[in-house]
Amino acid sequence: MSRGACRLAVVKLGGGAITVKELPETVDYRSLEEAALQLAEYRSNGGLLVVVHGGGSFGHATVARILREKGRLSPLDSSIVQESMLKLALIVTRALQDKGLKPSLHPPHSLCINDDLSTCNLKVIERDLEEGLTPVTYGDAIPVGGETRIVSGDDLAAEIAVRLKADCLIYVIREPGVIGASGEPLQTLRDVREVRVVDMKWDDVTGGIIRKVEIALKASKTVENVIITNIENLSRALKGEPVGTRIKAYNL
């Protein structure tokens with residue numbers, strides 16, 4: 001492993017990066033395969049890896065449809081969202097397996113009591129890392145107190161990175177980095193107000209880029225390297241090269 005490379009990386013594959021968000025339950029296989037190839041290369045060079053993926057046209061679209069039809073998520077709706085996310089999770093794990101990784105799948109509704117992520121049992125993820133596996137988890141739905149709560153993959157990735165003391169937390173999106181006021185990707189981002197908000201053409205029920213940056217800024221108080229970039233630059237980010245947008249909160 002080269003100097004400056006990630007030792008333990010938590011990589012969040014954004015739903016918008018690995019699915020076609022405009023088409024319900026449609027995977028962008030080309031992007032997913034490219035991400036899997038780069039993750040396998042990193043792992044073969046000795047890096048430890050946890051993969052978290054988003055919902056894209058699976059979970060996000062399913063939640064948005066239920067909210068449009070019913071106005072709320074009942075506890076029973078968690079089953080529908082869980083099924084949609086599990087479909088995508090199995091496709092992601094197969095892609096990783098095809099590139100030589102040994103993924104182990106951990107649905108959050110089995111790890112976490114509710115959407116308070118401090119209740120999540122991460123010991124099984126630590127166990128699998130020690131056994132040479134690549135733990136995989138994702139954004140999910142959990143029935144709590146008469147309703148369904150959504151666990152964001154962005155939040156979960158940050159929680160895992162902080163609690164497992166990862167030195168790298170990488171959020172993979174479609175763009176090469178976070179777009180600033182100039183319309184170009186920012187090299188470093190220290191405040192959420194630096195983000196340029198672009199209208200989305202798809203349903204995002206977990207807050208979009210603003211929420212992602214807020215989570216990343218909070219995580220950067222603990223995690224040494226927090227990067228937002230695209231699939232094309234994922235391998236370089238894992239090697240510690242200056243790509244994408246580096247997230248560093250002001251009060252570090």
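One is the number of the first residue; the rest follow in order along the sequence.
- Here CG of Asp154 is found 3.5 Å from NZ of Lys212. Values are rounded to the nearest 0.5 Å.
- You'll find the side chain of Leu67 reaches within 4.5 Å of the side chain of Leu73, heavy atoms only.
- Listed for the Thr245 side chain is a donor-acceptor partner under 3.5 Å among the backbone atoms of Val178.
- The local environment of CD in Glu194 is crowded, with over 12 non-hydrogen atoms from other residues, nucleotides or ligands closer than 6.0 Å.
- To the nearest 0.5 Å, the span separating CG on Asp167 from CG on Leu8 amounts to 6.5 Å.
- Side-chain atoms of Asn45 come within 3.5 Å of backbone atoms of Glu41 as a donor-acceptor pair (strictly under, hydrogens ignored).
- Side chain of Tyr42 to main chain of Leu49: no donor-acceptor pair is present (N/O by atom type, distance under 3.5 Å, no hydrogens or angles).
- The CD atom of Glu224 sits 12.5 Å away from atom CG of Leu169, with the distance rounded to the nearest 0.5 Å.
- Between the side chain of Ser220 and the main chain of Ala249, a donor-acceptor pair closer than 3.5 Å is present.
- In terms of heavy atoms, Leu129 sits closest to Pro135 at CD2-CD, 3.7 Å.
- Val10 places none of its side-chain heavy atoms less than 4.5 Å from the side chain of Cys168.
- A donor-acceptor pair under 3.5 Å is formed between the side chain of Thr148 and the backbone N or O of Ser78.
- A salt bridge links Glu159 with Arg163: the closest approach of a Lys/Arg side-chain nitrogen to an acidic carboxylate oxygen falls below 4.0 angstrom.
- In terms of modelled atom types and a separation under 3.5 Å, the side chain of Thr119 and the main chain of Asp116 share a donor-acceptor contact.
- A donor-acceptor distance shorter than 3.5 angstrom exists from the side chain of Asp140 to the backbone of His109, with no hydrogens or angles considered.
- Atom CD of Glu34 sits about 5.5 Å away from atom CG of Leu37, to the nearest 0.5 Å.
- Put simply, the side chain of Glu241 never gets that close to the backbone of Arg236: no donor and acceptor are under 3.5 Å apart.
- For the atom pair Lys12 NZ and Tyr138 OH, the distance stands at 14.0 Å (nearest 0.5 Å).
- Between Lys99 and Glu33, some side-chain heavy-atom pair lies under the 4.5 Å cut-off.
- Proximity of a side-chain donor or acceptor of Thr26 to a complementary backbone N or O of Leu23 within less than 3.5 Å is detected.
- A continuous path of ILVMFWY side-chain contacts below 4.5 Å connects Leu13 to Tyr29, so both sit in one hydrophobic cluster.
- Heavy atoms from other residues, nucleotides or ligands lying under 6.0 Å from CD of Glu69 number more than 12.
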Stepwise salt bridge (charged side-chain N to carboxylate O under 4.0 Å, His left out) test for Arg149 and Glu147: CA-CA 7 Å; Arg149 304 273 181 88; Glu147 61 181 339; 2.7 Å; yes

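- There is a side-chain donor-acceptor pair under 3.5 Å between Ser84 and Glu25.
- The salt bridge (Lys or Arg N to Asp or Glu O under 4.0 Å) with Asp77 is formed by just one residue from the set Arg72, Lys70, Arg65; it is Lys70.
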Give the intermediate values and the outcome of side-chain contact (heavy atoms from CB on, under 4.5 Å) for residues Val81 and Ile66. CA-CA 9 Å; Val81 181; Ile66 294 171; 4.2 Å; yes

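- Around the CZ atom of Arg94, the shell of radius 6.0 Å holds no more than 12 heavy atoms that belong to other residues, nucleotides or ligands.
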Using side-chain contact (heavy atoms from CB on, under 4.5 Å), reason through Leu156 and Leu111 one step at a time and then give a plain yes or no. CA-CA 11 Å; Leu156 188 55; Leu111 291 178; 5.8 Å; no

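- How far CG of Leu32 is from CG of Leu39: 9.5 Å, rounded to the nearest 0.5 Å.
- When each of Val172, Ile173, Leu186, Ile170 is checked for a side chain to side chain contact (heavy atoms under 4.5 Å, CB included) with Ile228, only Ile173 meets the rule.
- The closest donor-acceptor contact from the side chain of Asn230 to the backbone of Asn233 lies under 3.5 Å.
- Looking at Asp128, Asn121, Thr137 one by one, the single match for side-chain hydrogen bond (donor to acceptor under 3.5 Å, both in side chains) with His106 turns out to be Asp128.
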Show the numbers, then the answer: is there a side-chain contact (heavy atoms from CB on, under 4.5 Å) between Leu217 and Glu214? CA-CA 5 Å; Leu217 283 166; Glu214 289 174 341; 5.7 Å; no

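- No salt bridge links Glu131 with Lys102; every basic N to acidic carboxylate O contact stays at or beyond 4.0 Å.
- The shortest heavy-atom contact between Thr19 and Gly56 is OG1-CA, 3.4 Å.
- Within 6.0 Å of NZ in Lys218 there are 12 or fewer heavy atoms belonging to other residues, nucleotides or ligands.
- Atom CD of Gln187 has 12 or fewer neighbouring heavy atoms from other residues, nucleotides or ligands inside a 6.0 Å radius.
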Start with the C-alpha distance between Asp28 and Arg174, add both sets of side-chain angles, then the distance that settles salt bridge (charged side-chain N to carboxylate O under 4.0 Å, His left out), and finish with yes or no. CA-CA 11 Å; Asp28 183 340; Arg174 283 279 178 185; 2.8 Å; yes

